[in-house]
Protein chains: 2
Amino acid sequence: MATSSSEIHVAVDLTVLTLRDGALNVLLIQRDDEPHRGAWALPGGFVQLGEDLDGAAYRVLADEASLGSGAVHLEQVRTFGTPGRDPRGHVVSVAFMALGADLPDPRRGEDVADARWWALEELAEVKLAFDHATVLDCAVERARSKLEYTTLAATFLPEEFTISQLRGVYESVWGTTLDAGNFHRKATRTEGFLEELDRHAAPTGGRPARLYRAAGGTSLMPPLLRSGD
Amino acid sequence: MATSSSEIHVAVDLTVLTLRDGALNVLLIQRDDEPHRGAWALPGGFVQLGEDLDGAAYRVLADEASLGSGAVHLEQVRTFGTPGRDPRGHVVSVAFMALGADLPDPRRGEDVADARWWALEELAEVKLAFDHATVLDCAVERARSKLEYTTLAATFLPEEFTISQLRGVYESVWGTTLDAGNFHRKATRTEGFLEELDRHAAPTGGRPARLYRAAGGTSLMPPLLRSGD
DNA sequence: CACAGTTCTGGTCATCGTGACTCCATCTGC
DNA sequence: GCAGATGGAGTCACGATGACCAGAACTGTG
């Protein structure tokens, strides 16, 4: 479908991000079809007539990444439509980012030779298909900046988590280290960010950490800026 | 063109903003065709095969708003693609915002019954065509928040301007009043924001204000938050 | 010309958020 | 019991901010 060149075609491309072993990972699929057969690419697909953009993104998430919509934060990032970005014709692609907590290894979907998680650092020498390197950069930068002024970081964690785990999210996504005490003060004092629970996590060689859950708020005021803390 | 329902069509919609008499204004066109004939709508049009998204936006700016690309800041906001948002079929629309300094009154373009500037407050009781009320809200909110952490405010002003004029931009777009002294300190001390000139503006009943020009920077660090200053 | 009114610009001061740092609590493992 | 690790609280100096004040430099009026 959708390979004629008399019409503009609409697609979605997904940058699916999760944390694995304290590193930011992105899900890539290896293409089994031309163009760019054998190259690694972001999961994506054409939007079907009458289909919602978000719906198409969730469908791709299920088909190509075998991930359900549960516990995944999906958000539109930007739309790429430069003619020539896809050799099959004029394809306008709506880029999404999807964030989830420790997502499982993908099973191979249709039209896909392989699918796996990549740590972002591994990708330095990998040539992605189409303009997906740009799309990926755009989505990662969006995720990094949204951690600053929203409560999005919790979507990288299970329902209940410790402050250290939350700090680990920031450190992994931003690629920095943060002062534990200052981060603790900031996270616990910011209204609408965390809800304190009465239980503690199993100790890991130190004092057991109190468990928290994401509170209702979505915006962080004042923000938690990257330049320090 | 582009009214069949066997394909998805791609369009651009523009939220063109400027300041007129100290109020934020948006450019609307009155539709001369079905659907929504006679209703006010954002300028927009279908993207042509082989055309860049930004190119389509600039073309619409010229055709429907008779505005050249000079001195207009154009930026993608979000893409709307819910089926049913356009009765002609499945139309995916990439929303842009365009900001300019005291833009001229538009001349009527093609397929347009009328075109004029509307102060945002006037629009409370106006029913816009399609989902353009949502698109407009989204673009205005984007503009408001980008004033906080970028140097975008200067695009609402002529090349040379005073601090008071710059403060007026913030006050008009945010709908607040800011302390003149504090704003002056903040604007002049933030690196990369303003370049001081050796000339002064013609006095308006008080001490003449020094003229400034936008410096090279694009991001405001630290940001200028809406909650005060 | 004196004076009020206006606007621009620089200043003071209390407060608050922040980064660097210290200290104690509470666990594991030896 | 003790070393080592982690969690959580506190201290302190500094910089940014909001509220407010004062002088500079103009216009307009009596």
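Letters go in sequence order (proteins before strands), and every chain restarts at 1. Quick note: numbers below take in every heavy atom, side chains included, and nothing from hydrogens, waters or symmetry partners.
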Are the charged groups of B:D179 and B:K186 less than 4.0 angstrom apart, N to O? no

So which atom in B:Q76 and which in A:T79 form the shortest heavy-atom distance, rounded to 0.1 Å? OE1-N, 2.7 Å

Report yes if a side-chain nitrogen or oxygen of A:K186 is closer than 4.0 Å to either non-bridging phosphate oxygen (OP1 or OP2) of C:dT18; otherwise report no. yes

Taking CG from A:D179 and P from D:dG8, how many angstroms apart are they, rounded to a whole number? 14 Å

Taking A:L136 as the fixed residue, which of A:D131, A:L128, A:L28 is the one that meets the side chain to side chain contact (heavy atoms under 4.5 Å, CB included) rule? A:L128

Less than 4.0 angstrom from a charged side-chain N to a carboxylate O is my criterion; do B:E141 and B:R226 meet it? yes

Using whole Å, report how far CG of A:L225 lies from P of D:dA16. 13 Å

Could you tell me whether the side chain of B:R189 has a donor or acceptor atom within less than 3.5 Å of a complementary atom in the base of D:dG15? no

I need the residues from residues 195-210 of chain A with at least one non-hydrogen atom less than 4.0 Å from DNA chain D; give them sorted by number, or say none. A:G205, A:G206, A:R207, A:P208, A:A209, A:R210

Salt bridge check: are B:R189 and B:E196 linked by an N-O gap of less than 4.0 Å? no

On DNA chain C, more 5' by nearest nucleotide between A:G181 and B:T188 is B:T188

May I ask you to list the residues of residues 162-169 of chain B, by number, that have any heavy atom positioned under 4.0 Å from an atom of DNA chain D? none

Shortest side-chain distance from B:N182, nucleotide among D:dG18, D:dT17, D:dT11: D:dG18

Between D:dA16 atom P and B:Y149 atom OH, what is the distance in whole Å? 22 Å

Under 3.5 Å donor-acceptor pairs involving side-chain atoms of residues 212-221 of chain A, not counting sequence neighbours:
| residue | atom | partner | partner atom | Å |
| --- | --- | --- | --- | --- |
| A:R213 | NH2 | A:E195 | OE2 | 3.2 |

Indicate whether OP1 or OP2 belonging to C:dC8 is found under 4.0 Å from a side-chain N or O atom of B:H184. no

Taking OH from A:Y170 and P from C:dG19, how many angstroms apart are they, rounded to a whole number? 13 Å

Quickly work out the B:R185 CZ to D:dG15 P distance and round it to whole Å. 14 Å

Work out which heavy atom in A:L24 is nearest to a heavy atom in A:S172; give both atom names and the distance. CB-O, 4.4 Å

For B:D13, is there an ion pair with B:R78 - N to carboxylate O distance below 4.0 angstrom? no

Which whole-number value in Å describes the distance from B:L211 CG to C:dC8 P? 11 Å

Below 4.0 angstrom, N of the basic side chain to O of the carboxylate: do B:E160 and B:R210 qualify? no

Calculate the interatomic distance between B:F183 atom CZ and D:dA16 atom C1'; express it in whole Å. 16 Å

